[in-house]
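Letters A, B, ... mirror the listed sequences (proteins, then strands); counts begin at 1.
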Amino acid sequence: MTFGLRGVTVQQGGTTLLHDIDLELSPGTLTAVIGGDGAGKTTLLRSLVGLVAPTSGQVHSTPPGCLGYAGAASGVYRDLTVEENLRFAAAAYRLPRDLIGQRIAELLEVTALAASRARRAAHLSGGMRQKLAFACATMHHPELLVLDEPTTGVDPNSRAELWRLVARTLADGTTAVFSSTYVDEAARADHVLVLDRGRTLTAGPPETIRGGVPGQVVRLDGVTSEAPSWRRGRIRHAWIAPGARRPAGAAPIEPDLEDAVIVAALAASATRHREEAP
Amino acid sequence: MRLLEARELVVRFGSVRAVNGVSLAVMPGEIVGLLGANGSGKTSTIRATLGLARPSAGHVRLFGAAPSAGSRRRLGYVPQTLGLWPDLTVSENLAFIAAAYRTPPPRLPDDLEPVADHIVGRLPLGSRRRVAFEAALAHAPGLLLLDEPTSGVGPLERTALWDRIHVAREQGAGVLVTTHHPSEAEHCDRIIAMVDGRVAMSGTMSALLDGKETVVVTTEHWPEAFTRLTTAFPAVALTGRAVRVPAASMAQVRAALDGTDAHLTVAPATFDEVFATIGRRR
């Protein structure tokens, strides 16, 4: 079945954390929720796992027993050892007693944490802790796996391992959703939702978002321009909105996902300014 | 002049060589990215070059002399925890930090002016990071040390933070950035990647990525292809429904697929693919 959110708004203490969010998680796919601090990523994932009740709209999720969730920075108990964390997860998900040992051994092997089974989670590196959180969240072969910022503070090597673990669960038919502040990570996903201040900035498969940039993206190469621009290393890219004139000498380029998301943010900010203007 | 330099640096903790023969330098006007897993020796290297850890062997220089409290005063440092007082306002933080460096407090950029009297701890992370940058740059440091400087912020805020770093660079500062992410590494003139206390790879991003290729496998039977390929190659990844196999040849991939019907192409390797491969422990 398809999981997701329809028209979900979350308000808390007079603040709108999410505003009218639609998100469809097709079975067996990977979805990325991208945005900065305060964009609403955690609120969205928490509403999907039932930890936040929407003020309006509908949430379609699994029963708690078919759901795996690793919260941002707190997916594991730091005072417990690796193995104790796994045993705790097995008990919490009510795994049949005779299957627990085998499942834990399996997870220790795929996450390469077997040698660290007796170490306290507090003493693991960021990458190892995220793999442990992943192992706990997938203990019971969930139908829906929800990972809040799984790669924050994780080096490229551990990050690659983590993505391989996610890919393995997708190959087994699990539906997964993760959040990140980094746009490049969204390229791994089948579907991307970019949030800004609780609202949808843009959404769709990565290639649709890239292909759907309104107007043009150009390389400035030292050309001065009034057009909104941003830095990509030593060069600047600029957005020429539909109907605006392209500055002479600025070459149009094929925007990547990062460019496309920045253009969406610029367009939203221009709209906000127009609405706020007297 | 080299702003910061280490030659054949060794840092030992007991019998462990945390840093094992590292040489690096940061010149004025350049951004150098330092990459490495936890425990690769990044932090010990930085601490030794600043004179905060004693090298067991090798040679370190900060602004051309042995590191000292005086030379460290010419540094601007933004730690991951930002180093701000969360219960003071933006102006109070800047005044306090500028006073510690005996310089006048910096003028706030126009867009931060409206939050000058706000308590720092209540600002969004993007604004807190901007304030930390202004605080670190107030005394016009010759060398900036930034620890994952744009972690946790959105794409547009990230480009604004990098704009500020590039302005300092254009004014002649050298910048040493520790980072894990391609969207930060693309701003670096040079990358130094550390593994197990040594420099495993260094050069410009384009040189490090140049010629590195990945075989891209597209097939309806992707779960089967993924399973077969992960058994044969350690660094396989899934991007959408495509299975990517870095550092392998078409023929090797074809053989490992063992008859699974698939379409194979070759694409340039990504940052993650190149750096995950070198970071792999023996």
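Other residues, nucleotides and ligands place no more than 12 heavy atoms under 6.0 Å from the CZ atom of B/R122. Taking a 6.0 Å sphere around CD of B/E113, one finds it holds more than 12 heavy atoms contributed by other residues, nucleotides or ligands. Remark: A/E106 CD is packed, more than 12 non-hydrogen atoms of other residues, nucleotides or ligands lying under 6.0 Å away. No more than 12 heavy atoms of other residues, nucleotides or ligands sit less than 6.0 Å from atom CZ of A/R197.
Between chain A and the residues B/D189, B/L35, B/I31, the most heavy-atom pairs under 4.5 angstrom are made by B/D189. Among A/D196, A/D190, A/T152, the residue with the largest count of heavy-atom pairs under 4.5 Å with chain B is A/D190. No other option in B/W222, B/F271, B/W162 has as many heavy-atom pairs under 4.5 Å with chain A as B/W222. Put simply, of B/D163, B/T270, B/T159, B/T227, the one with the most heavy-atom pairs under 4.5 Å next to chain A is B/D163. Between chain B and the residues A/V166, A/D172, A/L170, A/V261, the largest count of heavy-atom pairs under 4.5 Å involves A/L170. Chosen from A/A167, A/S125, A/G173, A/G35, the residue pairing most often with chain B at heavy-atom distances under 4.5 Å is A/A167. When the candidates A/G36, A/S269, A/A39 are compared by the number of heavy-atom contacts under 4.5 Å with chain B, A/G36 comes out ahead.
The two residues A/A265 and B/L156 have their closest heavy-atom pair at CB-CD2, 3.7 Å. Heavy-atom minimum distance, A/A171 versus B/P223: O-CB, 3.6 Å. Nearest heavy atom pair, residue B/P155 against residue A/E258, reads CB-OE2, 4.3 Å. In plain terms, the two heavy atoms of A/E185 and B/H181 that are nearest each other are OE2-CE1, 4.1 Å.
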Problem set entry | Worked check of side-chain contact (heavy atoms from CB on, under 4.5 Å) between A/R168 and B/L238 | CA-CA 9 Å; A/R168 206 186 286 252; B/L238 189 66; over 6 Å; no
Problem set entry | Stepwise side-chain contact (heavy atoms from CB on, under 4.5 Å) test for B/V153 and A/D37 | CA-CA 5 Å; B/V153 305; A/D37 169 66; 5.7 Å; no
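Atoms CZ and CD, on A/R232 and B/E186 in that order, are 4.0 Å from each other to the nearest 0.5 Å. Here CH2 of A/W230 is found 15.0 Å from CZ of B/R158. Values are rounded to the nearest 0.5 Å. Rounding to the nearest 0.5 Å gives a distance of 11.5 Å between CG of A/L257 and OG of B/S183.
Proximity to chain B is limited to the backbone of A/V154, based on heavy atoms less than 4.5 angstrom apart. In this structure, chain A has a heavy atom under 4.5 Å from the side chain of B/T230, while its backbone stays farther away.
Within the 3.5 Å criterion, the main-chain N or O of B/G36 finds no donor-acceptor partner in the side chain of A/D155. Under a 3.5 Å cut-off, the side chain of B/R241 and the backbone N or O of A/T29 do not form any donor-acceptor pair. Formation of a donor-acceptor pair under 3.5 Å by the A/R164 side chain with backbone atoms of B/P234 is found in this model.
Looking at B/H166 and A/R236, their side chains never bring a donor and an acceptor atom within 3.5 Å of each other.
Under 4.0 Å is where a charged nitrogen must lie from a carboxylate oxygen, and between A/R188 and B/D272 at least one such pair does. Between A/R231 and B/E170, at least one side-chain N (NZ, or NE/NH1/NH2) sits under 4.0 Å from a carboxylate O, which counts as a salt bridge.
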